[in-house]
Amino acid sequence: MKRALITGITGQDGSYLTEFLLKKGYEVHGIKRRSSSFNTGRLDGVYSDWHDSTSTLFLHFADLADASSLANLLGDIQPDEVYNLAAQSHVRVSFEIPEYTCDVTGTGVLRVLEALRRVGDGARYYQASSSEMFGSAIPPQSETTPFHPRSPYACAKLFGHAITVNYRESYGMFACSGILFNHESPRRGETFVTRKIARAAARIKGGLEQRLFLGNLDARRDWGYAPEYVEAMWLMLQQDQPRDYVIGTGETHSVKEFVACAFEHVGLEWQKYVQIDPRYYRPADVDILLADPDKARIELGWTHKTGFRELVKLMVDAETAALPAPERSLGRARAV
Ligand code: NAP
Ligand code: GDD
């Protein structure tokens, strides 16, 4: 039985990757950080009580800000594969807490790699890099496009990417960096724009809210469906050679298009409900992201399956299904 360690297991990608690896027969270990309330909700479908002797999923307290906790865990678990997904992952928030973001999202990568180098015993390593590193680079963006980060988050991710490549080249580690473009799902954090829009469309339709405040509607992103992206992470670690890959759909759409599609799906005219609040603008934004995922298609055999409109609809449907019962039926009745 192969053994994997996932940092960021409680996040969107961590939860999908856990399900994916458990289905493949892995023993999965995950790092969760201490919080004052439960932060394991996304794992409810697969987590069983630790007294259950048949369980192959194990959670441990550790933190990317605490190098000793990482080294201790890696030494104890001796995983075959390490997926480093943990990060302060919100771009807007990174302008408010830049030092913290660089410490966790940037230096945190170095802490994991260094622990792995010392006690990891040859484990393969996946680094969750980001298309945000391309920033203002001219699209389409591929593995050879020069980076131009536009936020503290992107700068931190660029350090994480570079140090991953450096450890591979310096110490011969099997370390891969996946440069993933935006990927979304009903498990996306509520403050990212797609989930915020999907949630608002469903709730406005259900009569629970009246307005949706947004920032830059002109930004364009290459949006895909998260469960498909975790397979690409795994594929990278199954290759003969460690390499870096861009993962995306090769299509780009604006925030405005996402809004229009979501509201159209519930039968509402978005212009009546959406207002601009400059508080959601960023000191510097990324205008357009568009992946050139050819290398992943050719070498990994990976392509996205879920298209843009399908993604919007499945996210809005999930929000409608999550409404309290009376509002849900009201939403459905109004949608006809
Ligand atoms: P997410 O939902 O925000 O999850 C982030 C995870 O990191 C959570 O489990 C979080 O724990 C954990 N975490 C945060 N700070 C930590 C710390 N100091 N120590 C240990 N764990 C910590 O992010 P995601 O969307 O799943 O993305 C996964 C990774 O891919 C992130 O590194 C993100 O930057 C990167 N990425 C994401 C996308 C995307 O479109 N989703 C695209 C490119 C790259 P809590 O649950 O306790 O908050
Ligand atoms: N969050 C948010 N909230 N974004 C808004 C809003 C709003 O109310 N209104 C407009 N936007 C715009 C942002 O300015 C940005 O241009 C775009 O919507 C997408 O914002 P997010 O959904 O927050 O995602 P992101 O692209 O900044 O970052 C995500 O993708 C990166 C990969 O490119 C995150 O998941 C990062 O962790 C990831 O690395």
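Both counts, for ligands and for their atoms, begin at 1 and track the order of listing.
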[atom]: nearest protein contact (heavy atom, Å):
| atom | result |
| --- | --- |
| atom 12 (C) of ligand 2 | Asn216 O, 3.8 Å |
| atom 28 (O) of ligand 2 | Val91 CG2, 3.5 Å |
| atom 7 (C) of ligand 2 | Lys196 NZ, 3.7 Å |
| atom 38 (C) of ligand 2 | Tyr153 OH, 3.5 Å |
| atom 37 (O) of ligand 2 | Ser89 O, 2.7 Å |
| atom 19 (C) of ligand 2 | Val193 CG1, 3.8 Å |
| atom 30 (O) of ligand 2 | Asn182 ND2, 3.0 Å |
| atom 9 (N) of ligand 2 | Gly215 N, 2.8 Å |

Relative to ligand 2, is Arg221 under 4.0 angstrom through side chain, backbone, both or neither, heavy atoms considered?
side chain
What part of Arg282 sits under 4.0 Å from ligand 2 if we count only heavy atoms: the side chain, the backbone, both or neither?
side chain
Using heavy atoms and a 4.0 Å limit, tell me yes or no: is [X] in contact with ligand 1?
| X | result |
| --- | --- |
| Lys32 | no |
| Phe38 | no |
| His90 | no |
| Ser129 | yes |

Salt bridge flag under 4.0 Å for residues [X] and [Y]:
| X | Y | value |
| --- | --- | --- |
| Glu264 | Arg309 | yes |
| Arg195 | Glu184 | no |
| Arg221 | Asp285 | yes |
| Arg3 | Glu27 | yes |
| Glu114 | Arg117 | yes |

Against heavy atoms of [X], which atoms of ligand 2 measure under 4.0 Å?
| X | result |
| --- | --- |
| Ser131 | 32 (C), 33 (O) |
| Ser130 | 31 (C), 32 (C), 33 (O), 38 (C), 39 (O) |
| Tyr280 | 8 (O) |
| Ala219 | 16 (O) |
| Glu132 | 33 (O) |

Quick check: do [X] and [Y] have side-chain heavy atoms less than 4.5 Å from each other?
| X | Y | answer |
| --- | --- | --- |
| Thr252 | Leu289 | no |
| Ser15 | Arg187 | yes |
| Met233 | Asp13 | yes |

Between Phe147 and His161, what is the ring plane arrangement, given parallel below 30°, perpendicular above 60°, and tilted in between?
perpendicular
Do [X] and ligand 2 have an N or O pair less than 3.5 Å apart?
| X | value |
| --- | --- |
| Leu289 | no |
| Asp285 | yes |
| Thr194 | no |

If we only count N/O pairs under 3.5 Å, is [X] in contact with ligand 1?
| X | value |
| --- | --- |
| Gln12 | yes |
| Gln88 | no |
| Ala87 | yes |

Separation of [Y] [atom2] from [X] [atom1] (nearest 0.5 Å):
| X | Y | atom1 | atom2 | value |
| --- | --- | --- | --- | --- |
| Phe192 | His183 | CZ | NE2 | 10.0 Å |
| Ser94 | Tyr100 | OG | OH | 12.5 Å |
| Asn166 | Met173 | CG | CE | 10.5 Å |

Of all the heavy-atom pairs spanning Ala296 and Ile247, show the shortest one and how long it is.
CB-CD1, 3.6 Å
Can you check which of [options] brings a heavy atom nearest to [atom]?
| atom | options | value |
| --- | --- | --- |
| atom 35 (O) of ligand 2 | Arg220, Arg188, Glu184, His90 | Arg188 |
| atom 3 (N) of ligand 2 | Val259, Thr191, Leu212, Val274 | Thr191 |
| atom 34 (O) of ligand 1 | Phe61, Phe181, Tyr153 | Tyr153 |
| atom 17 (C) of ligand 1 | Thr40, Leu289, Ile247, Asp63 | Asp63 |

Would you kindly say whether Gln88 and Thr101 are connected by a side-chain donor-acceptor distance under 3.5 Å?
yes
Do Tyr229 and Trp302 have ring centres separated by under 6.0 Å?
yes
Arg34 to Phe61, cation-pi by 6.0 Å centre distance and 45° axis angle
no
Take every heavy atom of Arg195, measure it against each atom of ligand 2, and state whether any distance is under 4.0 Å.
no
